Amino acid sequence: MFVPPATRSIALIDVNNFYVSCERVFNPKLVGKPVVVLSNNDGCAVARSNEVKALGVGMGAPWFKFKDLAKQHGIIALSSNYALYADMSNRVMSILRQYSPDQEIYSIDESFLDLTGFQSRDLIQYGQHMRQRILKWTGLPVCVGIGSTKTLSKLANHCAKKRPVFNSVCNFNTMSSDDLDGLLGQLDVGEIWGVGRKLAPRLQALGLNTVLNLKRASPERLRQQFSVVMEKTIRELNGTVCIELEEVPPDKQQIMSSRSFGQSVSDYNSLAESVTLYMSRAAEKLRKQESFSGSVNVHIRTSPFKPDDPFYSNSLTVPLPTPTDDTRTLVNVALWALKRIYKPNFNYAKAGVMLSEIVSAESVQTDLFSSSQSTLNSSDLMAAMDSINRKMGKDSIKLASEGFKRPWKMKQGNKSNAFTSSWDELMVVR
DNA sequence: ATCACGGTTTGCA
DNA sequence: CTAACGTGCAAACCGTGAT
């Protein structure tokens, strides 16, 4: 007997202006004032308070470009404090976990919850309960969007944020289809999850300006012109689940670590120090997911934003004969690659490493046991390094080649304290 | 024609 | 110091050479 699939209720919970809100929890003087949080190296705006958004500062705006405006309006600019944000994120996520056993942590400030099993309740009330509890227990404001697919819940969340009528919780599933389509007809097609700055103009050129336009478009035809992703988006707008909740994040297939320098560097040694540091971080991530890497990539480049400076960008990928998780091996290969692509007399602005051809530790067990004893010892050494750095703070133990002076270290002019993860910094009065 | 490949582009938070 | 523009992923896409 055919049983029609029940309508799902999927919620997307998102912290408002996450980084700014975290800073405000620990410094209430920031409340009501225009505040931005800057990216690494104090480069771009990555989080903006509503006051700053109202002044026209865009997401990703370079700090030096709106510095004057900032001075004029008293915008407070803070360096990003990822240790603090990660800790606050963990608190929010574990509270949300109490509202459904089916949770996907989508990003540092966003979580999907499958509420299909709770449909006997008033889900708007349920969402308000989440909001109040998170506000009370963490001090962070969130909005809740509910729809029958992940794509719709994202849009509902957008409406919860932008339209005061919803009072921060918007459930598409309780609206009549006429009301819903009326609302979707007012939303720009670019608001859809998966439709960004490239796809939106292409859709608009076809006369598809609103979410409703795309919802009514032919998935088959648009698949020809765009991709299978576009087809899934259209079906999801019509309530057919094409993108399932991913409760256990799959292992990474590639692991990257890269950073822009505080000041440009030209000498090989500085680049080598930074590559060593980045590889140490990448290898830690690799071991955390219990994997081995079969390929190492190193890339370096000068600044693309200085037309007067000679530009140089290059990368090299080195396949490994045997997959490994040993920092020392990975660093040696990375430095070998760096030597091949390094050219003197350029002002390098950024370097990075990438691990790929990643396989689970299990699948290389046979190699592990068949190879020499030293392989096992190296694993023990890496485990010991990770454990000490976890207990004593990162960088307690590191390879000497990471360097100690680090002239290239990134700029963080105005970082707040690690209130939640360091007793020392909690006590400092600023 | 079709495939595997590697590098590039796109999108997202 | 007096210029200054993030990071980390996945997947689609695309050109290329091999078959």
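Residue numbers start from 1 in every chain, and the chains themselves are labelled A, B, ... in the order their sequence lines are given, proteins ahead of strands. Quick caveat, the model's predicted, so the values are computed rather than measured.
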Atom C1', compared across B:dG11 and C:dG6: separation rounded to whole Å
16 Å
Once you apply the 3.5 Å cut-off to both distances, tell me the Watson-Crick or G-U wobble partner of C:dG17, or none.
B:dC3
Pairing partner of C:dG6 (Watson-Crick or G-U wobble, both distances under 3.5 Å)
none
Counting side-chain heavy atoms from CB outward, which of [options] is closest to [X]?
| X | options | value |
| --- | --- | --- |
| A:Val46 | B:dT10, C:dG6, B:dA13 | C:dG6 |
| A:Tyr106 | B:dC12, C:dA4, C:dA12 | B:dC12 |
| A:Lys350 | C:dA4, C:dA10, C:dT7 | C:dT7 |
| A:Val228 | C:dA12, B:dA13, B:dT10 | C:dA12 |
| A:Met256 | C:dC5, C:dA12, C:dC9 | C:dC9 |
| A:Ser39 | C:dC5, B:dC12, C:dG6 | C:dG6 |
| A:Ser303 | C:dC5, B:dT10, C:dG8 | C:dC5 |
| A:Ser107 | C:dA10, B:dA13, C:dG6 | B:dA13 |
| A:Lys198 | B:dT10, C:dC5, C:dT7 | B:dT10 |

Within the structure shown, what part of the strands sits under 4.0 Å from [X] by heavy-atom distance: base, sugar-phosphate, or nothing?
| X | answer |
| --- | --- |
| A:Ser315 | nothing |
| A:Ile192 | sugar-phosphate |
| A:Phe226 | sugar-phosphate |
| A:Lys306 | sugar-phosphate |
| A:Leu38 | nothing |
| A:Asp42 | nothing |
| A:Ile108 | nothing |

Indicate yes or no for a side-chain donor-acceptor contact from [X] to the backbone of [Y] under 3.5 Å, with no hydrogens or angles considered.
| X | Y | answer |
| --- | --- | --- |
| A:Lys350 | A:Ile300 | no |
| A:Asn157 | A:Ser153 | no |
| A:Asn16 | A:Ser21 | no |

Calculate the interatomic distance between [X] atom [atom1] and [N] atom [atom2]; express it in whole Å.
| X | N | atom1 | atom2 | answer |
| --- | --- | --- | --- | --- |
| A:Arg259 | C:dC5 | CZ | P | 16 Å |
| A:Asp251 | C:dG8 | CG | P | 18 Å |
| A:Glu357 | B:dG7 | CD | P | 11 Å |
| A:Asp68 | C:dT2 | CG | P | 18 Å |
| A:Trp63 | C:dG6 | CH2 | P | 15 Å |
| A:Lys67 | C:dA3 | NZ | C1' | 9 Å |
| A:Arg197 | B:dT9 | CZ | C1' | 9 Å |
| A:Gln254 | C:dT7 | CD | P | 16 Å |

Let me spell it out: for each of A:Gln253 and A:Arg301, pick the nucleotide of DNA chain C with the closest heavy atom. Which residue's pick is nearer the 5' end?
A:Arg301
Does A:Lys252 or A:Cys44 map to a spot on DNA chain C nearer the 5' end, using the closest nucleotide for each?
A:Cys44
C:dG6 phosphate, OP1 or OP2, under 4.0 Å from A:Ser260 side-chain N/O
yes
For C:dG8, take OP1 and OP2 only and decide whether either is under 4.0 Å from a side-chain N or O of A:Ser258.
yes
Side chains of A:Arg221 and A:Gln224: donor-acceptor distance under 3.5 Å anywhere?
no
Does one side chain, of A:Asn314 or A:Tyr312, offer a donor that lies under 3.5 Å from an acceptor on the other?
yes
A:Asp14 side chain reached by A:Cys143 side chain, heavy atoms, under 4.5 Å:
no
Is there side-chain contact between A:Asn27 and A:Leu30, with heavy atoms separated by less than 4.5 Å?
yes
Check if the side chain of A:Lys65 and the base of C:dA4 share a donor-acceptor pair of N or O atoms closer than 3.5 Å.
no
